[in-house]
Amino acid sequence: MHRPLIPHHSGQPGPKHRVSVLLRLLQQLHVPSFHYFCCMSIVNIIQKNVTESLSDLFNQPFSEKDFQINQTKPEFEGDYTVVMFSLVKALKLSPDAIGNQLGEKLTSSYPDLFTKFNIIKGFLNLTISDVYWTTLLTKNYNNNCYGRKEMNGKKVMVEYSSPNTNKPLHLGHLRNIFLGWSVAEILKVNGYEVIKSCMVNDRGIHICKSMIAWRKFANGATPQSTGIKGDHLVGDYYVRFENELKAQSQILVNKIKMADLCDFSGAELEKLDKLLIALTKLDEIKDAEKITKLHDEIREVARNNTQIMAEAKQMLLDWEEGKPEVIELWKKMNSWVYDGFDTTYKRIGSDFDKIYYESDTYLLGKDIVQQGLDNKVFFQKEDGSIWIDLTAEGLDEKIVQRKDGTSVYITNDIGLAVQKYEQYKIDQSIYVIGNEQNYHMKVLQLICKKMGMPNADNIFHLSYGMVELTTGKMKSREGTVVDADELIDEMVATTQKLTEELGKVKDFSPAELKDLYDIIGLGAMKFYLLRVEPKKTMVFNPEDSIDIHGFSAPFVQYTYARIRSILRKEAANFEALLANTNETETTGNLLPLEKEMIVNLEQFPTALEQACAEFNPSVITNYVFDLSKTFNSFYDQHSIAKAESETKKQLRLQIVGMTANTIKSGMQLMGIMVPERM
RNA sequence: GGUCCCGUAGUUCAAUGGAUAGAAUAGAAGUUUCCUAAACUUUAGAUGUGAGUUCGAUUCUCGCCGGGACCA
């Protein structure tokens with residue numbers, strides 16, 4: 001199993017902790033169980049009541065950890081189940097005996113909450129009174145803040161997206177962006193103050209490559225002159241560079257294989273000699289894997305010795321020296337890229353509170369290196385390079401400054417980590433970065449710890465899995481990268497086609513239609529990328545992603561649209577319901593699907609807490625889907641407009657209203673809008 | 001060579017150590033005089049493998065097999 005790099009929320013109370021504090025408080029106040037359900041989940045209430053009852057019955061202390069509470073399986077009678085097995089040892093009684101005593105105690109002590117119980121094979125099934133459910137519904141059906149927590153005074157920074165400026169955004173970035181944005185929103189509703197940040201890698205050899213190719217081949221082409229989106233234009237020249245590099249290196253590789261090494265000297269000459277000798281030996285053994293590896297190494301040497309690569313390297317040096325014409329070109333091309341990114345961010349509804357540029361932060365690590373040397377956390381090798389020894393922690397030695405005095409990524413990252421804490425006084429720093437950086441982030445945190453940074457434990461790497469295609473992995477060299485802009489356009493276009501086929505919104509204006517296609521198309525894409533647990537590698541299947549049936553955003557959106565349709569038709573009745581400040585008269589007799597709806601709705605706050613504790617938006621996708629599915633059955637079976645009685649109608653209108661609010665809140669956390677009609 | 005992650009229906013995903021492992025898709029069969037059929041109902045189908053811990057394991061531990069990532 002995956003272990004988090006650090007315990008979640010270490011050093012600060014998480015939601016569960018807060019709940020238990022609240023619980024203790026309420027216990028001390030002796031508040032009758034029935035009157036605080038507005039701020040406690042039913043599971044928490046049962047936990048508390050069971051704990052108290054057990055202590056009373058058996059004259060010894062119990063805690064909520066001594067037993068488990070599950071939702072009762074549909075094939076048994078009851079709503080929630082207490083699992084008795086774990087109590088057997090301590091009490092030296094049979095599960096059924098404990099269950100019987102506990103069941104009697106609960107139903108007699110809390111008759112307004114527990115109406116019935118039964119015991120099957122050591123499982124105590126409790127039936128919660130209909131009055132509990134209807135009261136909960138009446139209190140919350142029009143509460144737009146349902147599930148939202150009070151501010152807790154904690155500040156969290158979530159860093160995500162973090163693109164390079166040499167290529168447009170792709171599918172992998174989308175998973176990153178949606179995850180980061182959604183986690184930030186989930187933290188907010190759970191009471192955290194959140195700063196969304198982005199680290200732009202605007203400096204380095206990659207951008208120099210685009211610049212070289214642009215200068216050589218573009219004839220001054222700009223986004224304006226070509227009509228090409230800025231990030232794509234710059235990306236095109238990056239590809240152009242790579243093609244030229246490939247052509248040039250191929251010539252060199254051919255020469256090398258002919259044993260013509262006149263272009264090389266010194267260490268590289270030696271290395272190539274060795275490689276060629278190894279290759280002839282291996283050719284006889286026929287170890288295909290090793291042969292490929294040797295060919296790769298030869299190609300790598302060749303790539304590094306091409307004319308065009310030399311130009312790129314020179315440009316990086318010129319950039320570092322601040323050569324005016326290089327800086328000017330760099331600024332110009334980066335600005336094109338930023339314009340392009342902004343367009344995409346705007347389209348998908350993403351935003352940042354703070355943007356860091358690597359060109360500003362890449363020198364931040366210098367002081368850290370000196371500090372590390374002073375503290376003897378780092379050491380210097382004979383060649384002048386500076387390292388940290390992490391072998392005691394089961395890792396390797398890691399370089400923190402090259403022999404030429406230039407910094408490496410990890411050092412810059414440490415510098416920025418410190419700066420984030422100093423600038424914003426944050427309690428936790430979350431990095432949404434792919435799992436290929438697991439090692440890097442582990443090292444980062446370890447170094448921070450060794451440097452004695454007080455907040456080192458509160459760095460959290462939200463590591464997510466790669467997005468693969470049904471045909472395999474995305475590889476830029478093979479041109480199988482799925483471009484974000486193209487994908488968005490495609491999803492929206494598919495939505496349009498489908499909507500036109502169904503023909504339900506023919507009266508919409510062109511602007512309304514455009515909005516609707518965006519809401520559904522973008523929603524489908526976000527939902528599809530968020531519905532898988534973050535750390536898992538996921539497969540992107542173009543057909544599935546556009547599929548609007550089943551576990552998808554359009555399914556949930558459709559449910560919402562149907563509800564809105566009901567509420568439009570029943571507007572007068574719903575208004576009357578809202579105006580009526582008296583508690584609605586409850587029927588005390590809920591039908592199975594009515595109850596199932598309320599039980600589902602009751603779980604929303606718990607889902608929000610779980611999503612927050614796990615930094616996992618898929619908890620919300622699962623929740624809203626389940627809720628929608630249950631609602632669709634409910635809708636199919638029970639008429640709202642033509643309910644059996646006036647009280648039934650009121651009850652159902654409440655269910656409908658609360659479902660709409662809950663779906664909307666849940667989807668909002670993922671940046672997914674819900675349409676009034678579709 | 002070392003470290004880490006992942007193996008669940010044909011496919012894509014669920015399941016705080018709990019009852020007969022849930023969904024969705026694709027397959028088969030149904031439901032429109034009635035609140036939006038982008039829906040609903042029925043049906044068939046899965047824990048890679050071998051041990052261990054436990055009253056009880058998809059979940060925890062160890063070995064193996066398979067897929068992936070990173071470090072050197």
Side-chain angles (χ1 to χ4, degrees), chain A residues 1-3 5 16 43 64-65 67-76 81-86 88-89 94-95 120-123 125 390-391 393-398 434-443 463-466 468 470 472-473 495 498-499 501-502 504-505 520 524 528 531-533 535-541 543-545 547-570 606 610 613-614 618-619 621-623 625-626 628-629 631-643 649 652-653 656 675-678:
Chain A
M1 277 300 289
H2 165 83
R3 294 248 62 88
L5 296 180
K16 274 189 183 151
V43 172
E64 56 258 42
K65 283 178 195 153
F67 53 90
Q68 290 175 305
I69 293 171
N70 300 327
Q71 210 175 338
T72 305
K73 298 253 170 187
E75 56 269 34
F76 302 103
T81 298
V82 185
V83 185
M84 317 299 318
F85 295 109
S86 44
V88 170
K89 243 179 204 167
S94 76
I120 298 168
K121 292 195 288 182
F123 295 89
N125 299 323
L390 299 173
T391 47
E393 284 77 15
L395 305 178
D396 298 295
E397 289 185 350
K398 182 85 189 174
N435 63 10
E436 77 270 22
Q437 304 266 18
N438 282 359
Y439 187 85
H440 176 84
M441 292 304 291
K442 204 171 174 178
V443 170
S463 165
Y464 64 92
M466 297 291 102
E468 293 183 357
T470 42
K473 298 166 69 179
T495 303
L498 205 92
T499 306
E501 277 168 18
L502 288 168
K504 290 187 181 183
V505 286
I520 300 174
Y528 185 83
R531 68 184 199 175
V532 182
E533 195 191 330
K535 76 170 176 191
K536 288 200 172 173
T537 302
M538 64 171 292
V539 175
F540 181 85
N541 181 334
E543 285 161 26
D544 282 359
S545 69
D547 195 354
I548 53 158
H549 304 284
F551 189 20
S552 69
F555 179 93
V556 179
Q557 288 168 324
Y558 175 70
T559 308
Y560 182 82
R562 281 215 296 204
I563 292 177
R564 295 304 304 166
S565 174
I566 297 167
L567 291 178
R568 276 194 299 276
K569 289 186 176 152
E570 295 294 327
T606 308
Q610 192 195 337
E614 296 175 6
S618 78
V619 173
T621 59
N622 285 313
Y623 175 81
F625 174 65
D626 280 343
S628 301
K629 207 172 147 44
F631 181 84
N632 284 336
S633 299
F634 165 80
Y635 175 91
D636 193 64
Q637 287 236 295
H638 304 300
S639 178
I640 290 106
K642 294 181 181 171
K649 182 163 179 171
R652 288 183 194 161
L653 277 174
V656 163
E676 291 295 305
R677 290 174 55 192
M678 66 185 275

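Here the structure is a predicted model, which is why all the values come from computation and not from measurement. Chain naming here is simple, since letters A, B, ... match the order of the sequence lines and numbering starts at 1 in each. Note: hydrogens, waters and symmetry copies are ignored here, and every other heavy atom, side chains too, is used.
- For B:C35, neither phosphate oxygen OP1 nor OP2 lies less than 4.0 angstrom from any side-chain nitrogen or oxygen of A:Arg564.
- The listed nucleotides are B:A19, B:A39, B:A15; the one nearest the side chain of A:Glu533 is B:A15.
- Nearest to the side-chain atoms of A:Phe555 among the listed nucleotides B:A19, B:A39, B:A24 stands B:A39.
- Cation-pi geometry between A:Arg531 and A:Phe625 is not met at under 6.0 angstrom from the ring centre and within 45 degrees of the axis.
- A:Tyr439 places its OH atom 7 Å from the P atom of B:A72, with the value rounded to the nearest Å.
- As rounded to whole Å, 13 Å separates atom C1' of B:C55 from atom NZ of A:Lys121.
- For the pair A:Phe85 and B:G18, the ring geometry qualifies as stacking, because the centroid separation is below 5.5 Å while the planes lie within an angle under 30°.
- For A:Lys569 and B:U36, the shortest distance from a side-chain N or O to OP1 or OP2 is below 4.0 Å.
- Listed pair A:Ser633 / B:C40 fails the phosphate criterion, with no side-chain N or O lying under 4.0 Å from OP1 or OP2.
- For A:Leu395 and B:C70, the CG to C1' distance is 11 Å, given to the nearest whole Å.
- In this structure, of B:U36, B:C13, B:C35, it is B:C35 that holds the atom nearest to the side chain of A:Ala641.
- Not one side-chain nitrogen or oxygen of A:Lys89 sits closer than 4.0 Å to the OP1 or OP2 atom of B:U54.
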